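Data block below; observations after.
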Amino acid sequence: MTIMEKETKIRELWISNEEFQALEKCNSAIRYIYTIKRIADAEALWYILDEDGYLIIQTDGNKKFLPVWSSKEYAQVFCVKGENNYKYSAFTWETFEDSVMEYIRQNDILINVFPTKKEPFGKIVDSNTFVEEINKLIEEYFG
């Protein structure tokens, strides 16, 4: 899937070095909780693209996964320079729900929340659960 997002300003959340390093050491369940809260806060999520602008979809056997993060710093580390020609970018939450979710559902893609170099598969959830949990938080935060 190539990505053509509307001209929308992504609200980036600032990450301290301490926060970054601490979170990298956490298990996938803790990273998941952190990530959905931060995505709800910013109403944006980060992903990676190949050099042609296609979403990077991970595979494991017959299963497909879309890796996502709450900030560019984590996505950036996952696609370290020299290893590939991947780029990181962001979706607004609105764009993700309106455009990307249809593709994910049609292709039976699971969400890989906050993978790391050491743990390339973070917390794996189905797309409906992911959307429901974030929308619940957004509703709590913003009414």
Side-chain angles (χ1 to χ4, degrees), residues 1-139 141:
M1 172 180 192
T2 59
I3 304 303
M4 300 287 185
E5 177 154 8
K6 304 179 253 178
E7 286 287 324
T8 306
K9 179 75 174 140
I10 299 296
R11 202 175 76 171
E12 292 184 40
L13 300 175
W14 183 79
I15 306 292
S16 71
N17 283 337
E18 294 80 16
E19 181 179 359
F20 180 87
Q21 291 172 2
L23 210 55
E24 282 269 305
K25 296 174 186 171
C26 291
N27 67 38
S28 62
I30 292 171
R31 291 194 318 266
Y32 176 76
I33 293 166
Y34 168 90
T35 301
I36 64 169
K37 288 179 179 180
R38 297 290 278 190
I39 289 171
D41 286 344
E43 294 187 77
L45 66 153
W46 292 80
Y47 59 94
I48 51 179
L49 302 165
D50 68 16
E51 59 273 3
D52 297 320
Y54 289 93
L55 278 175
I56 294 296
I57 303 296
Q58 298 169 295
T59 58
D60 185 22
N62 293 332
K63 294 183 179 179
K64 297 179 273 186
F65 310 92
L66 173 66
V68 299
W69 298 266
S70 57
S71 71
K72 71 178 177 184
E73 290 84 355
Y74 299 116
Q76 185 178 28
V77 166
F78 198 75
C79 55
V80 174
K81 238 182 183 175
E83 292 186 27
N84 52 47
N85 291 318
Y86 297 163
K87 304 168 235 169
Y88 54 91
S89 191
F91 294 119
T92 63
W93 185 246
E94 180 182 3
T95 297
F96 182 79
E97 279 193 294
D98 293 347
S99 303
V100 182
M101 278 301 296
E102 182 179 337
Y103 174 79
I104 288 171
R105 287 182 179 129
Q106 288 174 352
N107 292 282
D108 295 320
I109 298 171
L110 298 168
I111 308 295
N112 181 10
V113 181
F114 203 138
T116 64
K117 283 290 193 184
K118 291 181 182 175
E119 191 178 356
F121 292 97
K123 171 107 173 162
I124 305 298
V125 295
D126 68 82
S127 58
N128 291 331
T129 299
F130 183 71
V131 168
E132 288 169 14
E133 290 184 353
I134 291 175
N135 281 337
K136 182 180 173 189
L137 288 172
I138 289 171
E139 182 65 28
Y141 294 163

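Because the structure is predicted, anything quoted here is derived from the model rather than measured. By convention here, the first residue in the shown sequence is residue 1.
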Which of I111, V131, N112 passes side-chain contact (heavy atoms from CB on, under 4.5 Å) with V125? It is I111
| request: Measure the shortest side-chain to side-chain distance between Y103 and I109 over non-hydrogen atoms and say whether it is less than 4.5 angstrom. | output: yes
Is there a donor-acceptor pair under 3.5 Å between the side chain of N27 and the backbone N or O of A29? yes
Note: Y86 and D50 closest approach over all heavy atoms is CD2-CA, 3.9 Å
Sequence neighbours excluded, the answer for side chain to side chain contact (heavy atoms under 4.5 Å, CB included) partners of S16 is W14, E18, E19
The side chain to side chain donor-acceptor pair (under 3.5 Å) partners of N128 (sequence neighbours excluded) come to R105
Residues K87 and G53: closest non-hydrogen pair is NZ-N, 4.4 Å
Counting heavy atoms not belonging to E119, are there more than 12 under 6.0 Å from its CD?
yes
The reported gap from CD in E132 to CD1 in I134 (rounded to nearest 0.5 angstrom) is 11.0 Å
For P67 and P115 the tightest heavy-atom approach is CB-CG, 3.7 Å
Separation between CZ (R38) and CG (L23), nearest 0.5 Å, reads 9.0 Å
Rounded to the nearest 0.5 Å, the NZ atom of K136 sits from the CD1 atom of I36 at a distance of 9.0 Å
dist Y88:OH -> K72:NZ (nearest 0.5 Å) comes out at 5.5 Å
### Query
Within the distance-only criterion (no hydrogens, no angle test), does the side chain of D60 pair as donor or acceptor with the backbone N or O of K63 below 3.5 angstrom?
no
The ring pair (Phe, Tyr, Trp, His ring centres under 6.0 Å) partners of Y141 (sequence neighbours excluded) come to none
The residue among Y47, F78, Y32, Y34 that forms ring-ring contact (aromatic ring centres under 6.0 Å, His included) with W69 is F78
Handout entry: Evaluation steps, side chain to side chain contact (heavy atoms under 4.5 Å, CB included), between Y74 and E24
Key = CA-CA 9 Å; Y74 299 116; E24 282 269 305; 4.0 Å; yes
Interatomic distance, CZ@F65 vs CD@Q58, rounded to 0.5 Å, equals 7.5 Å
* Yes or no on side-chain hydrogen bond (donor to acceptor under 3.5 Å, both in side chains) for T92 and E94, after CA distance, side-chain angles and deciding distance? -> CA-CA 5 Å; T92 63; E94 180 182 3; 5.2 Å; no
| query | Taking the side chain as C-beta and beyond, is there a heavy-atom pair between I39 and F96 under 4.5 Å? | reply | no
Between I15 and S71, the two heavy atoms sitting closest are CG1-OG, 3.6 Å
To the nearest 0.5 Å, atom CG of L49 lies from atom OG of S89 at 5.5 Å
Here the pair of heavy atoms bringing V77 nearest to K117 is O-CE, 3.3 Å
For a side chain to side chain contact (heavy atoms under 4.5 Å, CB included) check, start with the C-alpha distance between M101 and S127, then their side-chain angles and the critical distance, and finish with the verdict. CA-CA 7 Å; M101 278 301 296; S127 58; 3.3 Å; yes
Paired with F130, the side-chain contact (heavy atoms from CB on, under 4.5 Å) test is passed by just one of L45, L110, T35, namely L45
* Could you walk me through whether R31 and V113 pass side chain to side chain contact (heavy atoms under 4.5 Å, CB included), step by step? => CA-CA 8 Å; R31 291 194 318 266; V113 181; over 6 Å; no
